[in-house]
Amino acid sequence: MTVPRVDLLIRQLDIAWALFEYHLKDLDDQACLWEPAAGCWTVRPDGRGRWVADWEVPEPDPAPVVSIGWLTWHIGFWWTTTLGHCFGSGAPAREEITWPGGTAAAAGWLRGLRDDWRAALLPLTDADLDSADRTAGLPWGREQRLVDIAGWVTVELTKNVSEIGLVRHLHAAREASLRDANVIAAPPSRGRGQG
């Protein structure tokens, strides 16, 4: 039987994930790679054919505007890192965590991370949740209890998915404005016999 706190964490995760699936349903590569502002951080192929994310250390203040592709990479980065440290033998360096190269592939990658995270949480006991043993290797969250990191995962996912939704809506509004502008700007057609 699942302990009540794990059940709560799973239900909260599922709510955040449902919002992500809502935003994924009409998402395509054009929207995913659209750069809403100059200087936008995104994902792009490098010389080796891998899709890498823009990144600077230290991060600029204010942080740049980001594309949906970057946001999906970011979710994959922090979730891969969190899973690797909390339930594995560590995680690859940030530079080695690359974007899969398309919206459908990114969605599949993130669904796999979600499934792995859920599966790792389900057998936990209250003692596991209250322990900081699994979080010791995390670049963020050292000395925090696993329950705190599990709660953070859902909050971070919710924040990133909300950002994806905003950029998705801005892209759709832009596309609609461009279509409307093309209709208005098109000269009226004249049929035969019209003077």
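Not measured: the values here are computed from a predicted model. Just so you know, these numbers use all the heavy atoms, side chains as well, and skip hydrogens, waters and symmetry mates.
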I would like to know whether W99 and T72 meet side-chain hydrogen bond (donor to acceptor under 3.5 Å, both in side chains); could you show each step before the answer? CA-CA 8 Å; W99 195 65; T72 58; 2.7 Å; yes

Side-chain donor-acceptor contact under 3.5 Å, D7 with T2: no

Just by distance, with hydrogens left out, do W17 and E21 show a side-chain donor and acceptor under 3.5 Å apart? yes

Between R111 and D115, is the closest basic N to carboxylate O distance under 4.0 Å? no

E96 and R50 ion-paired at < 4.0 Å: yes

Holding to ring-ring contact (aromatic ring centres under 6.0 Å, His included), I want the full list of residues that pass it with W70, two or more places apart in sequence or in another chain. W41, W73, H74

Between L9 and Q12, is the side chain to side chain contact (heavy atoms under 4.5 Å, CB included) condition met? List the steps. CA-CA 5 Å; L9 289 167; Q12 290 171 333; 4.2 Å; yes

Could you tell me whether the side chains of D128 and S131 share a donor-acceptor contact shorter than 3.5 Å? no

Using a strict threshold of under 4.0 Å (side-chain N to carboxylate O), is an ion pair present between D130 and R5? yes

Could you verify whether a donor N or O on one side chain and an acceptor N or O on the other, from W78 and N160, lie under 3.5 Å apart? yes

Name all residues meeting the side-chain contact (heavy atoms from CB on, under 4.5 Å) criterion together with Q144; count only those two or more places apart in sequence or in a different chain, and write none if there are none. D148, I149

Which atom pairs, one a donor and one an acceptor, fall under 3.5 Å between side chains of residues 87-95 and the rest of the protein, sequence neighbours left out?
none

Derivation of the side chain to side chain contact (heavy atoms under 4.5 Å, CB included) call for T135 and E143: CA-CA 7 Å; T135 64; E143 300 180 17; over 6 Å; no

